[in-house]
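Quick notes on the structure that follows.
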Amino acid sequence: MIELFNNHICNFLDQKSGFDEDDIQVIKSKFKTEITDDLSKGHITTNIGLVSGSLLGKNPREIAEGIKDHLLILKEVGNVEVAGPGFLNIFIKRSYLATTVNASLKLNEKFGHSDMGNGQSIQIEFVSANPTGPLHVGHGRGAAFGDAIGKILQANGYAVSKEYYINDAGRQMDILAASVWLRLHNCFDDKSFPESGYRGKYIIDIADQIDSNLKIASNKIDGLLSNLPEDSEEQIDVLIKLFQKEDKSLWKQIKDISLKMVLKTIEDDLKDFKVDFDNWYYESSLGSLQDSDSKISSAIDKLKTKGLTYEEKGAIWLNTEKAGDDKNRVLIRDDGRATYFAADLAYHKDKVDRGFDKLINVWGADHHGYIKRIEASLEGLGFSKNKLHVQLVQFANLYQGKQKVKMSTRSGSFYTLKDLIAEIGADAARFYYLSKQADQHLDFDIELAKSQNKENLIFYIQYAHARIASLQSKYLELNQSLPNDLEEIRNGSYTACDKLIHAASKFPGVVERSGETLQPHIIVFYLRDLAQQLHSYYNDNPILKESQENQESILQSLSLVKLVISNGLSLLGIEALEKM
RNA sequence: GCGCCCGUAGCUCAGCUGGAUAGAGUACUUGGCUACGAACCAAGGGGUCGGGAGUUCGAAUCUCUCCGGGCGCGCCA
């Protein structure tokens, strides 16, 4: 609809304004036509008068007057007012409004979709938590966010691929295996268990299952545990080496099974959270430095060829300062092992090689210092850093009322994502994770998320949806079917729903903006406002006492509101409720 | 010290690609069920948009600076 007016205004500029060609281009790029906040300003408003007036040094209101006449030609337009400093407020004819309601309803679950992305492929990498334990509530925010922007971008015409990067190659895997091994042999009690090992109960569960499969002889390593270093980090390293030496194949088996089991729980938790991935990418598939054909070797080779690397203190460094990083970074340590950064760089090269038009990384905010170096490496590899967008997600603090919920991975007992889903359900959890801009701190109150009143926004929005559903079924008891076309009543005089129709018509614009800015919370707040208007209307109007013609008109309008709530929630990965 | 993010009503937050009187919820005061879901609605008070300067016809929004808070600055991942 906005399109229509934009084109018409551009048409005016080109043919009738008499402005300079260059000025017209500037004006076209700067003026905005949008749906108004409320109906006192008409349905559509444009600042074309202000923008041109400012540029040309003319009176904005006079310019607006000229364009006003041009707009009145359109058959869809009922009235146009020049308002304030020079805004043009456009009032649409009611018959045309009815047409737009019909058209929107016909689009059904596609209402709100756009072709902004034009089929471009976009990959979103998110969660990517180390496979060393269950997901905690911090991961939940990244999971909800990545999944939601996936849905939103898809709705905006992008071809979306969601990926989880599994760090299965580093020292942490060794620590995981060592922790399981220790539990397997009951070497320590909870108190004396090495601090830098993983101490959670899930390690015991893994050990139990391995034990029943492998039937490992216990007390096999009693002699190994004497003379351990004091420092807990050194301690775990010594243990890892001991176990590897003791029984190489058993070590490998334990490591593989542990990884598999942890990944399984992560996958299950994400499934319960209604988050799915198109691809699970293993860091180990990047290969090793020893293999000169591996992805990691060839990525580093490419940088070497470009002369961006150098040797210093026995290590191989990448010059990332050149691209704005604070300091240069090590790719290969002095002991010959690749750094995490080297692997990540190879991973990002691989993403680009796979042909995605755009890459989005959803990272915890504590990684922001890492952005520069990954951008630098992409540029070093000959790609534009603009291909990649890193979206930071801040930490979420959980509260139970006023009480902060403690999360400590150290102690091994922590509030997991699974716990959260069990307590408030996946939908409420997703909703609250998404209710604030991702890169800002979020205080997440579990009590609030469970409450059944207006303060709980998801409840309030669902309630609006359920109310309409309930009204529809009431209507169906009295009539054969819901009205499905306003053709017959488009000239009706019932205008009480106009505000609702107007609010609902903003939805496609909201989805686009949410996609452009990667901010799902825009949809959250929009739905809250829409629900508020629905409740207000519902309260003031005894709908089923209206004339039959009015009832049809109302039901039609409310169906649109219901559709918007349902589509909006679904973009957040939440199912709208017919009853609650 | 350097870098990134944030500071809007008592509290929790919207609004930020500059636009028309700065908005919700909560709390407080008050009114509304013989009506389709009152789990709701309506009305009222409450603000130097952290301070200051600049750009502009116009600044919560952009720039600079100061103050206050968070996070990051490994041959960890």
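Lettering of chains follows the sequences in order, A, B, ..., and the numbering in each one begins at 1. Just so it is clear, the model here is predicted, and its values are computed rather than measured.
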*Output yes when at least one side-chain N/O atom of Gln437(A) is less than 4.0 Å from OP1 or OP2 of C5(B), else no.*
no
*Any side-chain N or O of Gln394(A) under 4.0 Å from OP1/OP2 of G69(B)?*
no
*Would you say a side-chain N or O of Tyr538(A) is under 4.0 Å from OP1 or OP2 of G37(B)?*
yes
*Establish, with yes or no, whether the OP1 or OP2 oxygen of A38(B) is under 4.0 angstrom from a side-chain nitrogen or oxygen of Arg467(A).*
yes
*Ignoring hydrogens and angles, are the base of A20(B) and the side chain of Thr45(A) linked by a donor-acceptor pair under 3.5 Å?*
yes
*Among G19(B), G32(B), A77(B), the one nearest Lys32(A) by side-chain distance*: G19(B)
*Phosphate contact (G15(B) OP1 or OP2) by His521(A) side-chain N/O below 4.0 Å*: yes
*asked:* When you measure from the side-chain N and O atoms of Arg333(A) to the phosphate of A77(B), is any distance below 4.0 Å, counting only OP1 and OP2?
replied: yes
*Could you tell me which nucleotide pairs with G7(B) by Watson-Crick or G-U wobble geometry, both distances under 3.5 Å, or answer none if nothing does?*
C67(B)
*Would you say the side chains of Ser514(A) and His521(A) form a donor-acceptor pair under 3.5 Å?*
no
*Kindly say if Ser54(A) contacts the phosphate of U56(B), meaning a side-chain N or O under 4.0 Å from OP1 or OP2.*
no
*Of Ile48(A), Val82(A), Leu50(A), which is the lone residue that meets side-chain contact (heavy atoms from CB on, under 4.5 Å) with Phe87(A)?*
Leu50(A)
*Any side-chain N or O of Lys313(A) under 4.0 Å from OP1/OP2 of G74(B)?*
no
*Report yes or no: is the ring centroid of Phe87(A) under 5.5 Å from the six-membered base ring centroid of G19(B), with the two planes under 30 degrees?*
no
*Quick one: look up who C76(B) pairs with, Watson-Crick or G-U, both distances under 3.5 Å, and put none if it's unpaired.*
none
_Any N/O donor-acceptor pair, Asn541(A) side-chain to A35(B) base, under 3.5 Å_ = no
*Do the side-chain N or O atoms of Arg528(A) get closer than 4.0 angstrom to the phosphate oxygens (OP1, OP2) of G15(B)?*
no
*Sub-3.5 Å donor-acceptor pair from the side chain of Ser553(A) to the main-chain atoms of Tyr494(A), do we have one?*
no
*Of all heavy-atom pairs between Gly287(A) and Ser294(A), which one has the smallest distance, and what is that distance?*
CA-CB, 3.8 Å
_Closest to side chain of Lys454(A), choosing from C40(B), A24(B), A20(B)_ = C40(B)
*Look at the side-chain N and O atoms of Lys545(A) and state whether any lies under 4.0 Å from the OP1 or OP2 oxygen of A35(B).*
no
